[in-house]
Amino acid sequence: MIVGVPRALLYYVYYPLWRRFFAELGVGCILSPPTNEAIMNSGARAVVDEACAPVKIAMGHVLALAPEVDYVLVPRFVSVEPRTYICPKLMGLPDMIRQSGQKTPPLLAPDIDMSKGYFGLARALMDTSRCLEKGLWSTVRSFHHSLAEMRRIKHKLIAGQTPEEAFHGTSRRRKPGRRLRIAVLGHPYNVYDPLLSMNIVDRLRAQGIDVITAEMLPLEHISLGLSQLRKKLFWSLSKMVLGAGLYFVNHAAEVDGIILLSSFGCGLESLVADLLERHARRQEFPFMQLTVDEHSGEAGLITRLEAFVETVEGRILNARNLSPHGDHEFRHAGTP
Amino acid sequence: MRVTFPHMGTMSFAMQALLENLRLQVVPPPPITNRTLMLGAKYSPECVCLPFKVNIGNFIEAIELGADTVVMGGGIGPCRFGYYAELQQEILQDLGMRVNMIVLEPPQGANGGLWSRISKLSVGQSLWHVAAASYFAWHLCKGLDGVLQSLDLLRARETVPGSCDRIWNAAQKSIGQARTYRALRRAEKEIRHEIATLSLHLHKRPLRIGLVGEIYMLLEPKVNLHLAERLGYLGVEVHRSMSVSDWVARHLVPNPRARMHTRKVHEAAKPYLRGFVGGHGLETIGESVLFAEGGIDGIIQVLPLTCMPEIVAQSLLPSISQRYGVPIITLVLDEHAGEAGLQTRLEAFVDMVGARRVHRGGGVSCAK
Ligand code: SF4
Ligand code: SF4
């Protein structure tokens, strides 16, 4: 039996867990290729126009896997921590795929719902074991083992690797001597999708800019950022984005600027981006929101990135020149 | 303390009655106009859903009239509504408007329980008094919703165009402004009498169209561009899947009848949608199935642009349409939605539904 894993949505968070889980269970598992035009277009044709780009891309990956697999893994993600949710669209995604009128293999779609407590996980495991025709005990044991994998990956992320690098061990040494340090925030499937984000992380790195994303921050820092909020956020994805954003805004020494990459029409981000922008503006912290969808062109993105990097650089120079007893005088004293 | 609240269909009347009966000074927001929409759109994030923007417009206009306290709903759901109030406070603050926002939500939502928030509103009044005032507001809301529902059905048959609208205006003034049970009963009796004596085309068999979708868009007439009235004038009997009092009964007060209906709706939705998707996405599916099984002629889904639960529902509606052979259209509205465009689409849809009925031998279409 072969299960296909779409390289989309929460793949960018949970893939190591799934991979290890299927390996332990002795189930074959294949991954769809990185998002390309063909995948995006086939997905966009199969779902309603109003859906956001990540959902269209996910649909495309499911279709790309269809000929080769017995099952496609599309968990019905409701919630991964108590009193917190993922996104209404992901709660409906398996049904949207089933009723898209496309030929898809059966879905492996356990309900992942821990909004009312972690016992929700038990149900997901039971569903999965039944669907894959494996014993419940071995399912639970495999799951337990695969949790360790997540911890191992988190260390790699904190060391500054992107999920793709950490998952597939493709990280290369980068030269030190960075010009700037910029935070790129957003839902992982926006930030790391090669097509949708137009490789924003690599693009910035190629210019000698150090990039840090929310996934690369220790969770304590995220909580610290979130402690600024009056009301607890109830979306896991947004907690990462806003937590990291608020942390950076209030620890200005950590990064020089924040870029928020979101998909057009994303419900969560419409609130969260605005909230973060307000906080950043009050502290006069460089902030830019980039909104992308399946039609956005590369040229626009490049121009805006360049402009932003320039502003951030200008600001740093300015701050140096203006500081009354900063390194400005010190440096001149040293030069003949 | 001068209190205001956001508009939402008949909820506004109930809210005003509740607050006034708590002996608060109430500044109701002016009726929603294009200016409201414009203000809301200007100061809200661009991609946020329309109800948020209209709320902001309401608040700003009420604050201009001297309101200093805003009562708003909240909660923790997968959808955006639960976080509306947080961002709205920040927006008003950044605009330099000094207001105090009281968010009514279940205690787990944020620090400080629901009760402490209500008691902020009910300074020095007994729990009993608050409960009584709420109960009255609930009756008032039910009364208005009842009238609205009858008029939705009758407008298609009125002989004098506009007579239903006249009754509705009268009801808003009499029932809506009642503050005692006595006044309420008298007003309801008068309006019922007017409805009963309305002159109607009795031989007509109007088309029946069900309205489903996002609750705010269903219930706020200015924002849905008077969808129900428009359909009525096109000779259609309108069946709304939900009213404000239904919503209150299903979500706020333990009510066995409402609970049973909810269960029925969820059962009906099961084959299409496995579970809750936030907002009223599941209800949209379930109610559509029930409408279709009840032999309705057509279904219209309304949603604000970018509404997440309704986008899920929208993707699933074609299956229902196919299974039952019911035409379904989706109207996506935002602050730029134009009346002319909407009217054209509605006319085309009503024509199509009418032609189908004739075709199926179901009788003569009554579209004028
Ligand atoms: S969180 Fe936003 S981008 Fe992600 S699926 Fe939901 S609406 Fe789309
Ligand atoms: S249900 Fe739709 S309109 Fe209501 S908060 Fe959610 S996204 Fe916005």
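Naming: A, B, ... by sequence-line order, numbering from 1 per chain. Predicted model, so just to flag it, every value in this text is computed and none were measured.
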Hey, which of B/Cys49, B/Gly275, B/Ala85 has the most heavy atom pairs under 4.5 Å with chain A?
->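 Counting heavy-atom pairs under 4.5 Å, the top option is B/Gly275.
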
Of all of B/Thr306, B/Val332, B/Ile311, which one pairs up most often with chain A through heavy atoms under 4.5 Å apart?
->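 So the answer, after comparing B/Thr306, B/Val332, B/Ile311, is B/Ile311.
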
Check [X] against [Y] and note the closest heavy-atom contact, atom names and distance.
X	Y	result
A/Gln99	B/Tyr272	NE2-O, 2.9 Å
B/Cys47	A/Gly265	SG-N, 4.4 Å
A/Ser270	B/Pro45	O-CB, 3.4 Å

If you measure from CD1 on A/Ile97 to OG on B/Ser315, what distance do you get to the nearest 0.5 Å?
->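 Going from CD1 on A/Ile97 over to OG on B/Ser315, the span is 10.5 Å.
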
Euclidean distance, B/Met308 CE relative to A/Glu50 CD, rounded to 0.5 Å =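 Atom-to-atom, A/Glu50:CD and B/Met308:CE are 14.5 Å apart.
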
Option in A/Glu277, A/Met91, A/Glu269 with maximal non-hydrogen atom pairs under 4.5 Å from chain B =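 If we count pairs closer than 4.5 Å to chain B, A/Met91 comes out on top.
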
Could you tell me which of A/Asp111, A/Ile86, A/Val47, A/Val78 has the largest number of non-hydrogen atom pairs under 4.5 Å with chain B?
->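 Most pairs with chain B among the choices: A/Asp111.
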
So do the side chains of [X] and [Y] get within less than 4.5 Å of each other, counting heavy atoms only?
X	Y	result
B/Arg274	A/Arg98	yes
A/Asp274	B/Leu87	yes
A/Arg278	B/Ile91	yes
B/Glu90	A/His279	yes
A/Asp95	B/Val312	no

Can you tell which part of [X] gets under 4.5 Å to a heavy atom of chain B, answering side chain, backbone, both or neither?
X	value
A/Ala273	neither
A/Cys87	side chain
A/Leu268	both

Could you tell me whether the side chain of B/Glu86 and the main chain of A/Arg230 form a donor-acceptor pair under 3.5 Å?
->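 Not at all, since once roles are kept as given, no pair shorter than 3.5 Å links the two residues.
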
For the residue pair B/Tyr83 and A/Phe234, does the interplanar ring angle fall in the parallel (under 30°), tilted (30 to 60°) or perpendicular (over 60°) class?
->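 Perpendicular: the ring planes of B/Tyr83 and A/Phe234 meet at over 60°.
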
Counting only heavy atoms closer than 4.5 Å, note whether B/Pro304 contacts chain A via side chain, backbone, both or neither.
->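 Contact with chain A involves no heavy atom of B/Pro304 at all.
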
